[in-house]
> 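This is the structure I have questions about; it appears just below.
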Amino acid sequence: MELRLYDTLSREKRTFVPLDAKDVRMYVCGPTVYDFAHIGNARPVIVFDVLFRLLRHLYGEAHVKYVRNITDVDDKINDRAARDFPGLPLNEAIRKVTEQTAKQFHADVDALGCLRPTVEPRATEHIGEMREIIERLVAGRFAYPAEDHVLFSPQAMNAMSAANSELPRYGALSKRSLDEMIAGARVDVAPYKRDATDFVLWKPSKPGEPSWPSPAGIAAQGRPGWHIECSAMAWKHLGEHFDIHGGGIDLVFPHHENEVAQTCCAFHRERMANYWMHNGFLQVESEKMSKSLGNFVTIHELLADWPGEVLRLNMLKTHYRSPIDWTLKNLEESSKTLDEWYRDVADVEPSDDIDPDFLNSLLDDLNTAGAIKRLHEISPVMRLSQSRLDDWGGETAQRYKKSAAMLLGLLPQSATARSEQMRSRAGIDPAKVAALLAARSEARARKDFAESDRIRDLLAAMGVAIKDSKEGTTWEVAR
RNA sequence: GGCCACGUGGCGGAGUGGUUACGCGCCGGUCUGCAAAACCGUUUACUCGGGUUCGAGUCCCGACGUGGCCUCCA
């Protein structure tokens, strides 16, 4: 069994071969911390968490390094800080915004059942590395200073790459040519740019803005451009060349294209990452998510209505590269599925093994939908026709189901713990329910069905769903 | 306008040219005081038009539709 991953650069699924099986390295673009993360932001976090778990399963927990950055220097952060804390000095306001937002982000992704990455570097702690990369680029004539900016020249890169096969061509990742980009360039090209396609590595800071000593002999203080922070952090924590780089599909251009350009030119490398992985976009109720449409939904808001696990399963039902339509109906379905699975596994401990069919689905470019199909099949109950039942049944199935689900980051707790959690979440008093159930049983025993139905309706109004069976009556929180 | 994805049953959603994906829902049944829950069973699909092939949801071409990117949006 081998892992195959779809690589955006080659546009095909390729067998994953790590550079060093004892040190598998993955970088994923994390949040810019200026506002609540929305459900679209949650997708890469969840998807690459599953990949992280899978890699740990394959190569051992100690042999996988996952780096996800926090970008805490950005124009949007500055704008938000000035808006939210007008009384404070800008730098102090910025610190408040980034600290609060990062904290909220951690709370959100923890609730979604995501493991913390091995390293979570911050852009502002890597200004030195950014400057060093910029110096290298200037020395190599890939970049030039102009009016206190430093600009990267894709034209220079391509001239060098034509003469030196060690370098990739600019535009290879996003499958664009410079000619196309020049044709599509906006009219308002900054006057200090030599070419319309040049992009900013470093720019001057206005008074009061965050600022650091500039590279390339520029006297004025400045701050980094957008793409350089990821090149710097990936280099620092994963080296010049590593295995996997991930993020949302929208980052392919310009962000990742520019990262590749910066890193490969600074270190004279043909490649930055061996596999480029990109998750698809998300729509809400069949509409593009946007603030103007009023369907901009944050993780924080969703968590008020749903356990994080429901959001997680709902995300994983669709293959990571396909678009997702995020709807209430799907969430309800996901919620029901989890109820059923928790009932299936009860309080068993996971198996030491992973079901091969389940694992094979994940190994096929993270086919979580196929894996979930298998999870439905692995059931302690005879839920499938006899011919397809395999050997499943009883505790073996329960333990297999538990271990497989846990590889997806699902069913992390016991069924008992979960149902207690659901009860306290719904604010239901178990003693009161027990008393009402006893009264109902008594009414049923004396065939006073008017009374027993009245109690049933009463419980339903409290949000309690009762379930009668031969063994007696149980209850759950109604959805 | 340029480039890139995607279009599967009532709904969600897999699918490596040839055999039932799977889940939800609907319907029927068992159970039940009646229900619910649970369990059993059944039901429908491959956007359109060409082409390649013994055979296409799967490959090729075109049309239509949806979405993304085109310098700071996951």
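Note that the coordinates shown come from a computational prediction; the quantities given were computed from them, not determined experimentally. All heavy atoms count here, side chains included; hydrogens, waters and symmetry mates do not. Chain letters run A, B, ... following the sequence lines, proteins first and then strands; every chain starts at 1.
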> Looking across every strand, which nucleic acid part, if any, lies under 4.0 Å from A:Ile372 by heavy atom: base, sugar-phosphate, or nothing?
nothing
> When rounded to the nearest Å, what value does the distance between P atoms of B:C26 and B:A37 take?
9 Å
> Reckon A:Arg176 touches a base, only the sugar-phosphate, or nothing at all at heavy-atom distances under 4.0 Å?
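Base: the residue A:Arg176, judged by heavy atoms under 4.0 Å, touches a nucleobase.
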> For B:C6 versus B:G13, give the span between their C1' atoms, rounded off to a whole number of Å.
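Those two atoms are separated by 14 Å.
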> Could you give the distance separating B:C22 and B:C3 at their P atoms, to the nearest angstrom?
41 Å
> Examine the base of B:A35 for any acceptor or donor lying under 3.5 Å from a partner atom in the side chain of A:Arg456, and report the outcome as yes or no.
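By the distance-only test, yes, there is a pair.
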> Roughly how far, to the nearest 0.5 Å, is the CG atom of A:Asp195 from the CG atom of A:Leu178?
8.5 Å
> Determine whether the aromatic ring of A:Phe281 stacks with the base of B:G67, defined as ring centroids separated by less than 5.5 Å and ring planes inclined by less than 30°.
no
> Between B:U52 and B:G67, how far is it from one C1' atom to the other, in whole Å?
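Roughly 30 Å separates the two C1' atoms.
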> Return whichever of A:Gly247 or A:Lys175 has its heavy-atom-nearest nucleotide of RNA chain B closer to the 5' end.
A:Lys175
> Under a 4.0 Å N-O cut-off, is there an ion pair linking A:Asp148 with A:Lys203?
no
> Can you tell me, in whole Å, how much space there is between the P of B:G57 and that of B:C64?
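That atom pair is separated by 24 Å.
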> Answer yes or no for A:Arg14 and A:Tyr275: cation-pi contact, defined as NZ/CZ to six-membered ring centre under 6.0 Å and angle to ring axis within 45°.
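Geometry flag: set, cation within 6.0 Å and 45°.
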> So what's the dot-bracket for RNA chain B: Watson-Crick or G-U pairs under 3.5 Å, [ ] if a pair crosses, | if it pairs off-strand?
(((((((..(((.....[...)))..((((.......)))).....(((((..]....))))))))))))....
> Whole Å only: how far is the NE2 atom of A:His256 from the P atom of B:U71?
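Those two atoms, NE2 and P, are 17 Å apart.
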> Less than 4.0 Å between a side-chain N and a carboxylate O, is that true for A:Asp364 and A:Arg4?
no
> On a whole-Å scale, what distance lies between the C1' atoms belonging to B:G28 and B:A45?
23 Å
> Once salt bridge (charged side-chain N to carboxylate O under 4.0 Å, His left out) is applied, do any residues pair with A:Asp72, and if so which ones, sequence neighbours excluded?
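None.
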> Taking atom P in both B:A35 and B:G29, what distance in whole Å separates the two?
11 Å
> Using a 4.0 Å heavy-atom cut-off, write out nucleotides 11-17 of chain B from 5' to 3' as B (base contacted by protein), S (sugar-phosphate only) or - (no contact).
SSSSS--
> Measuring only the C1' atom in each nucleotide, how far is B:U20 from B:C46? A whole number of Å is fine.
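Result for the C1' pair: 15 Å, nearest Å.
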> Looking only at non-hydrogen atoms, find the nearest pair between A:Ile466 and A:Arg440 and report the distance.
CD1-CZ, 3.4 Å
> What contact category does A:Arg11 fall into here, base, sugar-phosphate, or nothing, at under 4.0 angstrom with non-hydrogen atoms?
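Answer is sugar-phosphate: A:Arg11 comes under 4.0 Å of backbone atoms only.
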> Are A:His126 and A:Trp235 near enough that their ring centres are under 6.0 Å apart?
no
> Which nucleotide in the set B:A74, B:U32, B:A21 lies at the smallest distance from any side-chain heavy atom of A:Asn279?
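Comparing B:A74, B:U32, B:A21 against the side chain of A:Asn279, the answer is B:A74.
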> Describe the nucleic acid contact of A:Lys203 in one word from base, sugar-phosphate, nothing, applying a heavy-atom distance below 4.0 Å.
base
> Out of B:C70, B:U32, B:G23, which nucleotide sits closest to the side chain of A:Thr337?
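So the nucleotide nearest the side chain must be B:G23.
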> A:Lys467 or A:Ser452: which one's nearest nucleotide on RNA chain B is closer to the 5' end?
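Mapping each residue to its closest nucleotide by heavy atoms, the 5'-most match is A:Ser452.
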> Could A:Arg312 and A:Asp49 be called an ion pair, given the rule that one side-chain N must be under 4.0 Å from one carboxylate O?
yes
> Is there a salt bridge (charged side-chain N to carboxylate O under 4.0 Å, His left out) between A:Asp339 and A:Lys336 once you walk through the steps?
CA-CA 5 Å; A:Asp339 289 344; A:Lys336 259 172 85 168; over 6 Å; no
> The side chain of A:Arg343 is closest to which nucleotide in this list: B:C72, B:A74, B:A38?
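Within the option list, the nearest is B:A38.
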> When you measure only distances, ignoring hydrogens and angles, does the side chain of A:Asp468 come within 3.5 Å of the base of B:A35 through a donor and an acceptor?
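By the distance-only test, yes, there is a pair.
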> Within the structure shown, what part of the strands sits under 4.0 Å from A:Leu282 by heavy-atom distance: base, sugar-phosphate, or nothing?
base
> Is any NZ, NE, NH1 or NH2 atom of the basic residue among A:Lys329 and A:Glu332 found under 4.0 Å from an Asp or Glu carboxylate oxygen of the other?
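Answer for the salt bridge query: no.
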> Report the nucleotide, chosen from B:A74, B:C34, B:C69, that has the shortest atom-to-atom distance to any side-chain atom of A:Asp453.
B:C34
> Among B:G25, B:C34, B:C70, which is the nearest nucleotide to the side chain of A:Arg444?
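Per side-chain heavy atoms of A:Arg444, the pick is B:C34.
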> Counting side-chain heavy atoms from CB outward, which of B:C34, B:C24, B:G67 is closest to A:Arg440?
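Nucleotide nearest to A:Arg440's side chain: B:C34.
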> Looking for any heavy atom pair under 4.0 Å, which part of the strands does A:Glu476 touch: base, sugar-phosphate only, or nothing?
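Answer is nothing: A:Glu476 stays at 4.0 Å or more from every strand.
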> Any Lys/Arg nitrogen of A:Asp357 or A:Lys373 sitting under 4.0 Å from an Asp/Glu carboxylate oxygen of the other?
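Looking at A:Lys373 together with A:Asp357, the answer is no, because their closest N to O distance does not fall below 4.0 Å.
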